[in-house]
Amino acid sequence: MAAAKVTASAVFRTNQEIKLLARSGRMAAARRLFEEMPRRNVVSYNVMISALARSGRLAEARRLFEEMPRRNLVSWNTMMAACSQHGRVEDARELFDAMPALDEFSWTIMVSCYAQAGELALAREVLDRMPGEKCVACYNTMISGYAKNGRFDDAVTLLREMPTPHLVSWNSVLVGLIRNEDISRSVQFFNKMPEKDLVSWNLMLEGYVRAGDLELANAFFARIPSPNVISWVKLLNGYCRAGRMGEARELFDRMPERNVVSWNVLLAGYVQLSHMEEAYKVFMEMPDKNAISWTTMVSGYVRAGKLQEAKDVLSKMPSDSVAAKTALMHGYLQSNLIDDARQVFDGIGVRDAVCWNTMISGYVKCGMLDEAMVLFQQMPNKDMVSWNTMIAGYAQDGQIRKAASIFRKMNRRNTVSWNSIISGFVQNGLFVEALQHFVLMRRDAKSADWSTYACCLSACANLAALHLGRQFHSLLVRNGFISDSFPGNALISAYAKCGRILEARQVFDEMVGQDIVSWNALIDGYASNGNGAEAIAVFREMEANGVRPDEITLVGVLSACSHAGIIDEGLHFFSSMIKLHSLKPVAEHYACMVDLLGRAGRLREAFELVQGMQTQPNAGVWGALLGACHVHKNHEIAWLAAEKLFELEPRKTSNYVLLSNISVEAGKWDDADKVRFLMKERCVYKPPGLAGST
DNA sequence: TATGCGTAGT
């Protein structure tokens, strides 16, 4: 009897010790202690499962859950919470449905899991199904879910509906307002709260810091009844983010109490500015460092392009940190050192999703899609980012069918998934598919963002679908995206490409932040609608507004000159491009110039310009020359251009047809025969029913 | 006696 009591208290003490070790990040020691226990009870297993999940080892946690000899309600709840923490919504739901009994924790975890995944309707369904009197935590979880997703009205309604709102309920709404950077509504709400605690005060302080007014934040800080280290950290963070490191350091030195977080914030401040000497001094000064401190240093050196230093710091780190190693890996990938990155990746024992995704996206970015796919298939717990990376990767590589097949295999999709596939279709010229997927996206109840609208407008533009473009325009207005410059620019292009240049101009004029892309879209719009003079006028207007032209601007301007037949001005813009704007002309500019000179019949000059090009002329340039030769019946230069074109595009029928026509029109029947022979030799066939040039 | 849910900091 006495021996049993001793054993029970030993188990109790060891359970506590495991928890403490795990909470301080010493997982290996915690695991060892658990393995070496002579006797374990349910709680030992529960503690270990929770610890494993919190340190990113979900698979191990699950294994232990399956293996444990006896489970209680807490074991089930712990496992559910573990799945929820890792975004495994389906797994959590499966456990929830399979549990022998449910308590208020089970219900709350399920609500929290759905809310975190953005599935608010499902979260609400669970809350509503909860029998008897619902607990405060469950209400708070739902309120927090609404608030963090910007649905304040729903959050406040539920707050009013619940029988006994708690201070935490109010704070849950406040955090949503603060994160949404709605400062005036935050202040209003804060003042209306029936009671406030330090959490409320600290949230409001964060609101002022986010609003970027540090003087106001400082004044508010002075009003906090008894600020704690978190209050100080929030203010310190404000100065660090603003790059005001002198004041930040002063504030830091005045802090009555410092912990590892405050040190980390100061360190991150110097790192952000790439002040690595200062950062290193702070790093050495720190009384204790956690994994975040080390990761901050490593990623700081990576940002500063000092990969050797990053590697050296990492090698001095006493414990293992996936995040720190991933930071170094990221650095190697940015410098295209794929093999070095892979070596780091292979050396990481327990990889988290960020680690896998970093390596996968590294492969994708340098076009190594096969390698990316192998890793993607090996990855045990793929998250949304993994899937989206592969979709975007294949789409950008022109493999849109593969992208679409991956997209179809996804169980759940978020806005980014939809945007990736829609933008993929647009990039690959499949505009109708892009718009069809927009319809499917709305059926999936996923909300479109500015990127969705920009892609869809671009699809409308390319289809010259004016009516649809107008519908997207009104959707943009209704959803409040109209002042953002990116979809605004897409809208300008859409109207311009549909021939509605006046509407394009109107959108441009009503836009808040016109950028270089907006100006380019307008100039190109006038040029491609045949209004060269107006395009040039807009270009002048842009210069007068102090906006510096880029390469794309000049393509628009030069093609405007070409369409309008303004030869001398075109030549002037072309030379000013290098001299005045220090822009390097590329093939597109030369193609415009060839077109310009060609239209004026100055074929010899055009040919000489091409021969003098710094870079290799592409098919666009030679094609423009061949086209001009056709118009002006220059048989000799036509052959020179065509021979180059045949090298670049040996199987493009229209080039052969054009050259054949030119030869025939010049009465050179032998040459026309020669072209026909070439076509036969290269198995190029004129499509039936296609007479003349294409 | 412990373990699992809801609000603030890197």
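Per chain, numbering begins at 1; letters A, B, ... match sequence-line order. Quick caveat, the model's predicted, so the values are computed rather than measured.
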request  = Test for a donor-acceptor pair under 3.5 Å between the base of dA2(B) and the side chain of Asn46(A), counting only N and O atoms.
outcome  = no
ask   = Hey, does Val261(A) reach any base, or is it just sugar-phosphate, or nothing, if we go heavy atoms under 4.0 Å?
value = base
request  = May I ask you to say what Val136(A) touches in the nucleic acid, namely base, sugar-phosphate or nothing, with a heavy-atom cut-off under 4.0 Å?
outcome  = base
query = Got a donor-acceptor pair under 3.5 Å from the side chain of Asp103(A) to the base of dG4(B)?
reply = yes
task = Using a 4.0 Å heavy-atom cut-off across all strands, classify Arg54(A) as base, sugar-phosphate, or nothing.
result = sugar-phosphate
message = Can you confirm whether or not the ring centre of Trp107(A) sits under 6.0 Å from the ring centre of Phe96(A)?
response = yes
query = Given dG4(B), dT7(B), dG6(B), which nucleotide is nearest the side-chain atoms of Val199(A)?
reply = dT7(B)
task = Taking only the side-chain heavy atoms of Glu206(A) (C-beta and beyond), determine which of dG6(B), dA8(B), dT3(B) contains the nearest atom.
result = dA8(B)
Close side-chain approach of Trp170(A) and Phe189(A), heavy atoms under 4.5 Å = yes
ask   = Hey, does Thr108(A) reach any base, or is it just sugar-phosphate, or nothing, if we go heavy atoms under 4.0 Å?
value = base
task = Pick base, sugar-phosphate or nothing for Leu203(A), based on heavy-atom distances below 4.0 Å to the nucleic acid.
result = sugar-phosphate
inquiry  = Is the phosphate of dT3(B) approached by Arg71(A) (side-chain N or O, under 4.0 Å from OP1 or OP2)?
reply    = no
request  = Using only heavy-atom distances, determine whether the side chains of Asn171(A) and Asp197(A) contain a donor-acceptor pair under 3.5 Å.
outcome  = yes
query = To the side chain of Val43(A), which of dA8(B), dA2(B), dC5(B) is closest?
reply = dA2(B)
inquiry  = Quick check on dT3(B): is either OP1 or OP2 less than 4.0 Å from any side-chain nitrogen or oxygen of Lys19(A)?
reply    = yes
query = Is the shortest side-chain N/O distance from Lys289(A) to OP1 or OP2 of dT10(B) below 4.0 Å?
reply = no
task = Answer with base, sugar-phosphate or nothing: what part of the nucleic acid does Val74(A) contact at a heavy-atom distance below 4.0 Å?
result = base
Side-chain donor-acceptor contact under 3.5 Å, Arg71(A) with Tyr45(A) = no
ask   = Looking only at side-chain N and O atoms, does Ser50(A) come under 4.0 Å of OP1 or OP2 in dT3(B)?
value = no
request  = Report yes if a donor N or O on one partner sits less than 3.5 Å from an acceptor N or O on the other, where the partners are the side chain of Asn171(A) and the base of dG6(B); otherwise report no.
outcome  = no
remark   = Testing dG4(B), dT10(B), dA8(B) for proximity to the side chain of Val175(A), the answer is dA8(B)
Ser417(A) and Asn388(A) side chains, donor-acceptor separation under 3.5 Å = yes
query = What nucleic acid atoms does Val229(A) come within less than 4.0 Å of, heavy atoms only: base, sugar-phosphate, or nothing?
reply = base
query = Which part of the nucleic acid does Lys148(A) contact within heavy-atom distance under 4.0 Å: base, sugar-phosphate only, or nothing?
reply = sugar-phosphate
inquiry  = Side chain of Asn202(A), heavy atoms from C-beta onward: which of dA8(B), dT7(B), dC5(B) has the nearest atom to it?
reply    = dA8(B)
query = Is Arg210(A) touching bases, backbone alone, or none of the nucleic acid, heavy atoms closer than 4.0 Å?
reply = nothing
